[in-house]
Amino acid sequence: MRRRNRAGMWMVLPLTIFTLIFVAAPLLYMVFLSFASQSSSGFGVEWKFTLENYKRILDPVYRNTFYGSLRLAFSTTALNILLGYPFGYFMAKLSAKKKKAAVLFLMLPFWLNSLIRLYGWIILLQKKGLVNEVLLRLHLIDKPLKILYSYPAILIGMVYVLLPFMALSVYSSAEKLDWSLAEAARDLGAGRCYAFFTIIFPLTLPGLFSGIILTFIPSMGLFFIADILGGNKIVLVGSLIQEQMTRGNNWPFAAALAMVLLVVTSLLLGLYKKLTNSDVLEGIG
Amino acid sequence: MKNKLIELRNLTKNFDDQQVLKGISLDIYENEFLTLLGPSGCGKTTTLRIIAGFEEPSDGQVLFNGIEISKVPPYKREVNTVFQKYALFPHLNVADNIAFGLNLKKVEKSVISQKVERMLKMVGLSGFENRDVTLLSGGQQQRVAIARALVNEPKVLLLDEPLGALDAKIRKQMQLELKKIQREVGITFVYVTHDQEEALSMSDAVVVMNNGEIQQIGTPTDIYNEPENRFVASFIGESNIIEGHMIRDYLVEFDDFQFECVDKGFEDNEEVEVVLRPEDLDIVEPEHAKITGVVRDITFKGVHYEIMIETEKRMYNVHTTDYAPVGKKIGLLFGPEDIHVMCKMGAY
Ligand SMILES: Nc1ncnc2c1ncn2[C@@H]1O[C@H](COP(=O)(O)OP(=O)(O)OP(=O)(O)O)[C@@H](O)[C@H]1O
Ligand SMILES: [Mg+2]
């Protein structure tokens, strides 16, 4: 027993070292960095303990950036649930052959660089783009809408990029479902709707929850979507961090922002674990 | 005569371009234990699902108490199903599983818990109310599934190979219990199995199916002793099936000998098939029998020996408690009532 344990320890050693070097060390470095300050010359870091960076985050400008990011993440996730749940659910009900095709269809965008795909959206959403063209032709509007470089454009881009994650994780949960359970419910007197909400829906919750995690957390950080489709008008935490590191050259403040983001997402992950009693995310674990 | 509860009239069912039911007509009576028996893929489950309402027949009618119900959705039928893999709701405990149907009908909470308790007692699981269904053994899950169906007091309980997943010993025990439960609640059971022994030991009526068609309907004794055709004879128990012809009523000829029998109603000289059950055959000294042969093989089966005897015309399978060594010359003895004459039909 003991020998086995020791052998096991040797086996995980490379992994442990890898984790220490590439995960723990940078993280620790970030923590230290977030309590340091920008050197007065404007370049480099002055290693003196200070809480200044965290205080600065409480400033309304930055606080609102966090609120804005959270709001966008929540709306993105909500839309993703509304679109992705039915998508994944009905996918699981397809015949085996069609299922394969649907999964492939969902994975297809992953093979293309997401920046290129977003530029595609610019073409679609611009003033004389396809979306406006179609709406005009259908006489739903009488002058082109200004969708591009607005909040809805960002939302569309976010949902577009993250939808496959939601759909696939709901799908993987629904796929494992024993459909005779729904029949059993109907046999016992339930209509289709009641059977869905009492039996099917609760049993696909793990997939839904992991879909939420898989879309909510990235949507806090996908700043390039906001930059490209929002035209820099809406600043998210992600872009703020990036800006502080590049143009602002203030790495300590960027680190502090990143730490807050990390804490917020970890709290949400903790909540997920508590809700589902599971460590493994459906669909990726 | 008992009341007719369900009538299937000339049901057909097509999946894509494959016809899996080819005109099923069947009466099911109140309080009856009826079994659909047949090999895999013959359409038993499909028939059951049509009765439950999960499939619509392509053609034909389903009457319940004389009223056509083929378009009535499952939840409006006075029928409940025990599914092959139980289909218990994994996120609900034992009591909530059983109470599912009653909760839907908005039955009062105290009444529900009383009924659940009574059901659990009947299936021998008293005190299991709060157990996690996913942690129960196969046999226990089966009982919960039966309780969950019966608590709704259906007129008919449909069971699709409910014992299929259990091991032989629990299977035997559950067979007895199911029969007991059926007598206790006094409702109709429609039971699906491909195990002929199970069908014969539990049922009031057995429906033998093959290839989407009914081959024979009868009591277990009828089915066993008077198989109507070669398929039934070979599917139910072991048998020696021999081609021959009817000389006239009560006289049949096969293997070049004439035998008295108890069958009549065939045309004179009609080609027929004769069933001789292995356990109805006796071995005697050759001079005491018409058909004689040589022992080719003998196997001890516990209660009896299985002896393969080669005669001039064919190999006979005999089950007897008498021993005979390989190579011994022997005679085959059987009485008129051991000969079962059937109409000849296409080969299976
Ligand atoms: N939904 C379906 N779509 C297409 N074919 C089906 C469907 N359900 C059943 N079948 C076909 O119908 C035939 C009869 O199936 P059924 O399930 O009724 O057989 P069964 O007698 O219950 O067999 P088993 O003993 O194996 O359960 C089979 O050939 C099966 O492949
Ligand atoms: Mg079946």
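Below, chains carry the letters A, B, ... as their sequence lines are ordered, and counting in each starts from 1. Here the structure is a predicted model, which is why all the values come from computation and not from measurement.
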How long is the gap from CZ on B/Phe100 to CD1 on A/Ile199, to the nearest 0.5 Å? 4.0 Å

Quick one: salt bridge (charged side-chain N to carboxylate O under 4.0 Å, His left out) pairs with a partner in residues 133-145 of chain B, sequence neighbours left out? B/Arg143-B/Glu177

With sequence neighbours excluded, give me every salt bridge (charged side-chain N to carboxylate O under 4.0 Å, His left out) pair touching residues 117-139 of chain B. none

Using non-hydrogen atoms and a 4.5 Å limit, figure out which bit of [X] sits close to chain A: side chain, backbone, both or neither.
| X | result |
| --- | --- |
| B/Val82 | neither |
| B/Leu102 | neither |
| B/Phe83 | side chain |
| B/Arg77 | neither |

If the contact rule is any heavy atom under 4.5 Å from chain B, which residues of residues 180-190 of chain A qualify, in numerical order? A/Ser180, A/Leu181, A/Glu183, A/Ala184, A/Ala185, A/Arg186, A/Asp187, A/Leu188, A/Gly189, A/Ala190

Is [X] atom [atom1] crowded by more than 12 heavy atoms from other residues, nucleotides or ligands, each under 6.0 Å away?
| X | atom1 | result |
| --- | --- | --- |
| B/Glu108 | CD | no |
| A/Phe197 | CZ | no |
| B/Lys179 | NZ | yes |
| A/Arg63 | CZ | yes |
| B/Lys109 | NZ | no |
| A/Phe110 | CZ | yes |

Donor-acceptor pairs under 3.5 angstrom involving side-chain atoms of residues 85-109 of chain A: please list them, not counting sequence neighbours.
{"residue": "A/Tyr85", "atom": "OH", "partner": "A/Thr204", "partner atom": "OG1", "Å": "2.5"}
{"residue": "A/Lys99", "atom": "NZ", "partner": "A/Glu175", "partner atom": "OE2", "Å": "2.8"}

Which of the residues B/Val151, B/Asn152, B/Leu104 is involved in the greatest number of heavy-atom pairs with chain A at under 4.5 angstrom? B/Leu104

